[in-house]
Amino acid sequence: MVERDGCNSSLKALRVLRVSLVDELEGRIDSLLEILVSREVFTRDDREEVLCHLGPRARVREVLDILQCKGNEAADIFLSISSDHQQEAQIHPKEGNADPPQSVEYKKVQQKHKDVIKRRSESMLFYNTRHGEKILFSEHYVNLLLADGHQGLDMKRHEVLTFGQKRLSLQQKSAVQRKITPGELFLSTNGKHPVKKVLVSGVAGIGKTILVQKMLFDFGGNRDHLGFDFIIHMTFRDLNLIDKPTNFRELVLRKNRHLAKELDNILENDHKLLIILDGFDEFRHYRTCDVDTFVTEPDEDAEVVEVLGSLMQGELLPNASIMLTSRPAAINHIPVGCIDRFVLISGFSLTEVQDFFLRYFQDSATADRMFAVVSANELMLTLCYIPAFCYIVCCILQESKDLCGESPKTMTDIYVQYLVALLRSHTQARAQTFCQGQKEGLSKVVLKLGRLAFLKLMEHQTLFYSSDKDVAELEGCILVSTFLDKTVAQEPGCTEEVYSFAHLTVQEFFAAVYCAVTDHPLPEALQQTTSPGEGSSGGHLDLFHRFLSGILAERNANLLSRQVGLSCNKEKVDSYRQRIIKELTMLCESGAPILNHLHCLFEQQDPSLALSVEPKTLQVNVSDETLSQMDYNAIKYFLNLTKGEILELDLTGTGVSCEALRDIQPLLLRCNRLWLGENILGMDAALVIADVLQVSEHLQQLGIGWTDIGDDELLALSGAIRANKKLEELWMEGNRVSYRGLLSLSDLTPYPLKKIVAIWNDLADTDPDSFCTQESITVSFTDDGIWEGWGEWVFKRCEVSSNDKLVTVLHKVCNISVHCLEGQWASNFYKQLLQLIKQRIEICTEDDMLRKLEKFETILSF
């Protein structure tokens, strides 16, 4: 029985140990149920309610749910009964628990299966291979970084735009999150819990399917580090074709008829079975896999989503190992409570990017020269870590010498050149422009591809089946194979071709081209929000909108017209420019999130457009976005073209570094209000801020809360404030400032500093009354109305924070004294915080994080 030390009650023990209890008790739940009835813990009606559930694991869950309603005494009896029952089982174990020796036939089928798997996986059609050319799998290598806990990407932004920051974060944590090999995926990291279900996520084109093929290749080549007798590989592209009830046995035999004779033995020994489910984000039913109707037997017929949902949640073949692959956009729909390990694919390393260039250009001098071009372009280099995008860049570089005289500055520049490069390569025309007849034919095909891309993008679809009427319209177009990848999905009695663009961003680009050069109106999702690509769409259309802006820019519109014969709709160009001006003006005046609009402006590369934005007040809010150099470039582009004072610049929670602050220092000198909270600011960053404070004629309010600054950093700032005497408000809550640090500010109040907020610092041993004479300095709460609104803002920040960030905040806000609760609003704030912690505990799947949250629950439960 799992130990329940540290749990304050039996009910809490049931909640904390729920997952392990389901694993332990599924084999003896029926006998335990009878004991519960005989001990009058359960009624007969309770027993009937439990028995209505199909499968032992579902019955255990129902028992645990009923116990939660019966109280602590019933839970205590249950834990005692289950513990005694387990001890008896250990004293009198069932015979035959050891793995029986396998038959000769079983081993023959196993070797046959390995031969089949090896044949299917030993080669791959790589990005830069010519038609029919194959590359051995042994020549490819995929980097993986082990990620602790749920590493779903922040879906406020487009996954490709978030990729660079997430990859950098993983590299910085590499001491803890070490690189792993495919063979280590199912090895326990702490030796306590077996790893049975692994989720591998990564952005489009990063190499998830390549990783799967690598594992199959190793298995087929008798590399026994995986330790499985059999691996069953299924793709969601194939599973999408199943439109009638099926069962797991049928799913296995669809492409593995050679397993039929021994399939019963294979499924009986499910602890030696690995099932790989590739491409969860491509599953038509991915939003409904968290099923509550379970299948428990391999021969039990059900809808395919119920079979797969039962498999993921351990109701079907509970001892089998499962590996899922998915893009980040879909992983929130996976029942995460059943996942034992989350792994993020980080793509190419810098060395592998160089190797890819050498493989593509097949000449070391040319490869080195082209790599130098990419290294000088931060945008292109960041995206080259994605293998599929690395190919796109190589295509551009091969043709770029004839396309334009300068390196691409924007995402749209890159993709326009990619389109023209592939069209030129396809037609094998090396003249400055295509002939008129060619351009007319090409433009029609590009528009058909664009229409398909646009319609499916609006429906969140990246796969297109040949039975789809929109795909049928492309039949006979010889250019289709240039931009669309084709695979064949097979079902008994049904074979269908499945198409997808070479990369998700290529689909978004073609969709933007279609929208720009036709009379089709902008999609409703953009028209309904004041911030294109932001809001409820989770960044789904961010890149589409940026591409649209870049294509409607004069330089790219001219290139498309000259090279492809596509002309942008002039009315749409004019209306779009007016829209950008109007919305940027409104966002600057309101202080609403503005980053994606700044990128759209940057894609235009038209200074006159930025100069036309004339807001009454200039407020730039880019908070809660982990900013990359690309983001800073867009911010600088706009603000450098504007004049005068910046009323507010909000960089809260952006991960801003000392280098970034130094880069935008000229902009900081123009700020009236500057918010830098929730970023880790060391002494170097404090010195940059001090330089700004010392010379700025505008800065009156500075926010540096939750930045981990201490007395030394504050001393540096206080000297600068003393020299210039312009700053009026300093917000520095949640830091490491002590009484000594606060004293350095005492001579600066009430002039120039009218307000200093130092709540939640290292002042536990300081009597708040000692600051009574310093009315400008606040170290504890009051009944002042300002704090109630501020507390609501802090709580909202906690609600949207990850567990890691929440724990960081809790370390400060839970270090409280009775003085903090004198105001009614403060009491309400901590009650709300306690409820939030309890909610997080209910859904937390990480043991270490669970312990931390429970610690703070105990502190606040006074």
Side-chain angles (χ1 to χ4, degrees), residues 591 617-624 627 635 639 644-658 660-737 741-761 774-779 786-787 789-790 793-794 797 812:
T617 59
L618 183 55
Q619 301 177 66
V620 177
N621 178 3
V622 291
S623 61
D624 297 317
L627 299 180
I635 295 168
L639 292 179
E645 181 182 81
I646 301 170
L647 179 63
E648 182 173 85
L649 177 59
D650 192 348
L651 294 169
T652 302
T654 57
V656 65
S657 64
C658 171
L661 287 174
R662 192 173 287 114
D663 184 37
I664 61 173
Q665 188 168 339
L667 302 179
L668 302 183
L669 292 171
R670 294 165 51 194
C671 293
N672 179 277
R673 302 196 296 258
L674 176 61
W675 309 116
L676 298 173
E678 300 179 38
N679 300 298
I680 302 301
L681 303 178
M683 178 56 79
D684 290 341
L687 291 175
V688 175
I689 300 170
D691 289 343
V692 173
L693 287 167
Q694 194 157 1
V695 298
S696 174
E697 294 296 320
H698 301 278
L699 190 56
Q700 294 182 347
Q701 297 180 33
L702 175 63
I704 50 174
W706 310 102
T707 56
D708 199 40
I709 67 166
D711 292 344
D712 292 339
E713 290 84 0
L714 186 57
L715 287 171
L717 297 179
S718 64
I721 298 170
R722 190 173 291 106
N724 196 11
K725 296 189 177 180
K726 295 290 184 182
L727 193 71
E728 296 181 0
E729 294 186 12
L730 178 61
W731 295 73
M732 54 179 192
E733 68 278 9
N735 285 308
R736 296 181 291 105
V737 176
L742 278 183
L743 284 179
S744 70
L745 300 173
S746 59
D747 65 315
L748 297 173
T749 60
Y751 174 80
L753 288 173
K754 299 176 182 177
K755 178 181 289 184
I756 299 172
V757 178
I759 295 167
W760 292 324
N761 273 275
Q774 300 286 335
E775 295 181 0
S776 301
I777 301 179
T778 303
V779 297
I786 186 177
W787 297 116
W790 182 75
W793 179 82
V794 172
R797 304 290 303 167
K812 290 293 183 181

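Small disclaimer: the values here were computed from a predicted structure and weren't measured.
Salt-bridge check for Asp747 with Arg722: passed, with a basic side-chain N closer than 4.0 Å to an acidic carboxylate O.
Side chain of Asp650 to main chain of Val622: no donor-acceptor pair is present (N/O by atom type, distance under 3.5 Å, no hydrogens or angles). Looking at Ser696, its side chain does come within 3.5 Å of a backbone N or O of Leu669 through a donor-acceptor pair. With hydrogens and angles ignored, the 3.5 Å screen pairs no side-chain donor or acceptor of Asn761 with any backbone N or O of Leu742. Without hydrogens or angle criteria, Asn679 side chain to Leu651 main chain gives a donor-acceptor distance under 3.5 Å. Between the Glu713 side chain and the Gly710 main chain, a donor and an acceptor come within less than 3.5 Å of each other. Checked by atom type and distance alone, the side chain of Asn735 never pairs as donor or acceptor with a backbone atom of Val737 at under 3.5 Å.
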The test is side-chain contact (heavy atoms from CB on, under 4.5 Å); show your working for Val692 and Gln665 and say whether it passes. CA-CA 7 Å; Val692 173; Gln665 188 168 339; 3.8 Å; yes
Test Ile635 against Ile664 for side-chain contact (heavy atoms from CB on, under 4.5 Å), laying out the working first. CA-CA 9 Å; Ile635 295 168; Ile664 61 173; 5.9 Å; no
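Residues Thr749 and Ser746 approach most closely at OG1-O, 3.2 Å, considering heavy atoms. Closest of all the heavy-atom pairs between Asn621 and Gly591 is ND2-O, 3.0 Å. Leu717 and Ala686 make their closest contact through CD2-O, 3.5 Å (heavy atoms, listed as atom of the first residue, atom of the second, distance).
Looking at Glu733 and Trp731, their side chains never bring a donor and an acceptor atom within 3.5 Å of each other.
Using a 4.5 Å heavy-atom threshold, the side chains of Leu745 and Met732 count as touching. Within the 4.5 Å cutoff, the side chain of Leu699 has no heavy atoms near those of the Leu668 side chain. Counting only heavy atoms from C-beta outward, the side chains of Asn672 and Ile646 never approach each other to under 4.5 Å. Ser657 is not listed as a side-chain neighbour of Leu661, based on a closest heavy-atom distance of 4.5 Å or more. In this structure, Thr707 and Glu678 have side chains that are not in contact, with every pair of non-hydrogen atoms separated by 4.5 Å or more. Between Leu676 and Leu674 the shortest side-chain heavy-atom distance falls below 4.5 Å. Contact of the Lys755 side chain with the Leu730 side chain is not registered, since no non-hydrogen atoms from C-beta on lie closer than 4.5 Å. Looking only at side-chain heavy atoms (C-beta outward), Trp706 and Ile680 stay at 4.5 Å or farther from each other.
Tested against Arg736, the residues Asp708, Asp711, Asp712 include a single salt bridge (Lys or Arg N to Asp or Glu O under 4.0 Å) partner, Asp708. With Gln701 as the fixed residue, the side chain to side chain contact (heavy atoms under 4.5 Å, CB included) test singles out one of Glu729, Glu648, Glu728: Glu729.
Atom CZ in Arg670 sits 6.0 Å away from atom CG in Leu639 (nearest 0.5 Å). Rounded to the nearest 0.5 angstrom, Leu649 CG and Thr652 OG1 are separated by 9.5 Å. Note that the OG atom of Ser718 and the CG atom of Leu727 stand 11.5 Å from one another [nearest 0.5 Å]. Considering CG of Leu647 and CD of Gln700, their distance stands at 9.5 Å, rounded to 0.5 Å. Note that CG of Leu681 and SG of Cys658 are 9.5 Å apart. Values are rounded to the nearest 0.5 Å. For the atom pair CG of Asp691 and CZ of Arg662, the computed distance is 8.5 Å after rounding to the nearest 0.5 Å.
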